[in-house]
Colleague: 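Attaching a single structure in structure tokens format; questions to follow.
Naming: A, B, ... by sequence-line order, numbering from 1 per chain. Predicted model, so just to flag it, every value in this text is computed and none were measured.
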2 protein chains.
Amino acid sequence: MDGPSLPGPSLPGPSDGAAPGRAARWLDADEQRAWRAYLSMQGRLAAALNRQLQLDSGLSLADYEVLVHLTDTPEARLRPYELQWALQWEQSRLSHHLTRMRRRGLVDREECSEDGRGAFIVLTEKGRQAITTAAPGHVGVVRRFFFDGLSREEVALLERLSTRILDRLDDTDATPEGDVG
Amino acid sequence: MDGPSLPGPSLPGPSDGAAPGRAARWLDADEQRAWRAYLSMQGRLAAALNRQLQLDSGLSLADYEVLVHLTDTPEARLRPYELQWALQWEQSRLSHHLTRMRRRGLVDREECSEDGRGAFIVLTEKGRQAITTAAPGHVGVVRRFFFDGLSREEVALLERLSTRILDRLDDTDATPEGDVG
DNA sequence: GCAACGTACATGACGCGTCATTTATTTCCA
DNA sequence: TGGAAATAAATGACGCGTCATGTACGTTGC
């Protein structure tokens, strides 16, 4: 059942406890198990979500997230940089993705009079129908694999842990190279 | 701070409590927050891990996982199907990935005398050096973003939750279409 | 011993994500 | 006002991941 040691592969040899020279010490057995479980869960859950969306409605999880943000907006239109802020995607990823979604007719572009560089991304009717179609099944899968297996308290804790990790990611994105604490 | 409602986008209108017709009910506010936090954390953590590995050693997280399994093996060689079993990847993903890793000299192929269809994937010296180089920094990042923010108990709980979700994924991979409970 | 079927693995096409670079516009300020 | 720097966004190249399909070998039943 137990997988191999992952992020601290048994490189220095199994029985020498020497910590890696440059960075942190290796992971101990508990940490290894936890990390592998998380990694595996994360990858497979994402794959399952993508597969369902793809089969059910031809959308990817990424499409879905873009469309959600658009539908959550009164005018159903956003500047790309607003979407980028909301999604925390790399700029070029967003740009590529919007190009593809536009090609498929899920969104459209409008000129931005206030800023000649920019544009508005507008939800099309096709886009709205796509996410309307996709949503029930998607929520179903999220429930089935994620929430149905977790108690209310566990969900709350998971949110706290996620937020804490996000904070660390935010911090260190800004911080140049040095240590954290 | 709070993102928009994700997997239950406000499609049916904010104030009508109607559940989606085909599948499960929408997520409530707590669930939405938790789900968005998890999704965002997951995506950004994976991106951070990949970025570090890429910059530090030219490996991707996927490369790293393959190499770990090989180094964890006495002979440093495995049949592709064994790797597939360990990684839980799709077969074609593994095949493509091994092709690319082979092209880069990280692994090599050997004939399999016992089974004419199969092959062995062998860790090369270059592959071993790559993961040896990459490991300390990788562990460092895993610690910095993941373990350093979590208590021992939280890590243990996260492992349990991950395992539980994995079980559900395993179950329903087998199960045809119907409901779970 | 051969046909049918299953297994191990590869491949082509195509969408996705990242990095590096480019273009157009706006803002800042001397 | 004019030039430098910042900002909004697009693009090309290239590796990754999935689906569908192909190929070669093994296994099983008759």
Side-chain angles (χ1 to χ4, degrees), chain A residues 42-66 77-121 173, chain B residues 42-66 78-121:
Chain A
Q42 176 273 34
R44 298 231 280 139
L45 180 58
L49 292 170
N50 266 305
R51 195 159 33 239
Q52 178 272 332
L53 272 175
Q54 189 63 47
L55 288 179
D56 233 57
S57 58
L59 297 179
S60 66
L61 186 52
D63 297 332
Y64 192 93
E65 297 193 55
V66 170
R77 59 181 221 166
L78 288 168
R79 299 286 300 273
Y81 77 88
E82 297 177 299
L83 271 170
Q84 191 190 345
W85 202 93
L87 295 165
Q88 291 285 305
W89 285 1
E90 300 214 353
Q91 182 266 320
S92 72
R93 172 185 180 184
L94 179 61
S95 186
H96 281 303
H97 204 90
L98 291 177
T99 299
R100 292 185 288 249
M101 290 182 73
R102 190 172 172 230
R103 196 185 307 143
R104 290 190 286 150
L106 298 170
V107 299
D108 204 355
R109 278 176 62 89
E110 276 180 13
E111 295 281 314
C112 177
S113 49
E114 318 147 32
D115 189 334
R117 300 164 296 183
F120 281 105
I121 300 300
D173 278 354
Chain B
Q42 176 272 31
R44 300 233 278 137
L45 180 58
L49 291 171
N50 267 305
R51 195 157 35 238
Q52 178 272 331
L53 272 175
Q54 188 64 45
L55 288 178
D56 236 56
S57 57
L59 297 179
S60 67
L61 187 51
D63 297 332
Y64 192 92
E65 298 193 55
V66 170
L78 288 168
R79 298 285 300 273
Y81 78 88
E82 297 177 297
L83 271 170
Q84 191 190 344
W85 202 93
L87 295 165
Q88 290 283 305
W89 285 0
E90 299 213 352
Q91 182 266 322
S92 72
R93 172 184 180 184
L94 179 61
S95 185
H96 280 303
H97 204 90
L98 291 177
T99 300
R100 292 185 289 250
M101 290 182 72
R102 190 171 174 230
R103 196 185 307 143
R104 291 189 286 150
L106 298 170
V107 299
D108 204 353
R109 279 176 62 90
E110 276 179 14
E111 294 281 314
C112 178
S113 49
E114 318 147 33
D115 189 333
R117 301 164 295 181
F120 281 104
I121 300 300

Colleague: With hydrogens left out and only the distance checked, is there a donor-acceptor pair under 3.5 Å joining B/H96's side chain and the base of D/dG15?
Modeller: no
Colleague: Hey, does the side chain of B/R109 come within less than 4.0 Å of C/dA10's phosphate (OP1/OP2), counting only N and O?
Modeller: yes
Colleague: List the steps and the verdict of side chain to side chain contact (heavy atoms under 4.5 Å, CB included) for B/W89 and B/V66.
Modeller: CA-CA 11 Å; B/W89 285 0; B/V66 170; 3.8 Å; yes
Colleague: Hey, does the side-chain of B/Q91 have a donor or acceptor N/O within less than 3.5 Å of a partner on the base of C/dA10?
Modeller: yes
Colleague: As an exercise, state the distance from CD of B/Q52 to CD of B/Q54, rounded to the nearest 0.5 Å.
Modeller: 10.0 Å
Colleague: Answer with yes or no whether A/S92 presents, from its side chain, a donor or acceptor under 3.5 Å of a partner atom in the base of C/dC19.
Modeller: yes
Colleague: Taking atom P of D/dT7 as reference, at what distance in whole Å does atom OH of A/Y81 sit?
Modeller: 12 Å
Colleague: Expressed as a whole number of angstroms, how long is the span from A/R100:CZ to C/dC14:P?
Modeller: 15 Å
Colleague: What's the closest nucleotide to the side chain of B/S60 if the choices are D/dT18, D/dC16, D/dA9?
Modeller: D/dC16
Colleague: Does atom CD (B/E110) have a neighbourhood of more than 12 heavy atoms from anything else shown, all under 6.0 Å?
Modeller: yes
Colleague: Please give, in whole Å, the distance from C/dG17 C1' to A/N50 CG?
Modeller: 13 Å
Colleague: Just how far is it from atom CD1 of A/I121 to atom CZ of A/R102, taken to the nearest 0.5 Å?
Modeller: 7.5 Å
Colleague: Closer than 4.0 Å, any side-chain N/O of A/R51 to the OP1 or OP2 of D/dT18?
Modeller: no
Colleague: Does A/R79 place a side-chain N or O at less than 4.0 Å from the phosphate oxygens OP1/OP2 of D/dA9?
Modeller: yes
Colleague: Within the structure shown, what part of the strands sits under 4.0 Å from B/D115 by heavy-atom distance: base, sugar-phosphate, or nothing?
Modeller: sugar-phosphate
Colleague: Mind calculating the distance between CD (B/E114) and P (D/dC25) to the nearest angstrom?
Modeller: 16 Å
Colleague: Given the structure, check if the side chain of A/R93 and the base of C/dT18 hold any donor-acceptor pair shorter than 3.5 Å.
Modeller: no
Colleague: Below 4.5 Å, heavy atoms only, C-beta onward: do B/F120 and B/R79 meet side chain to side chain?
Modeller: yes
Colleague: So does A/R117 reach the base of D/dT7 with its side chain, donor to acceptor, closer than 3.5 Å?
Modeller: yes
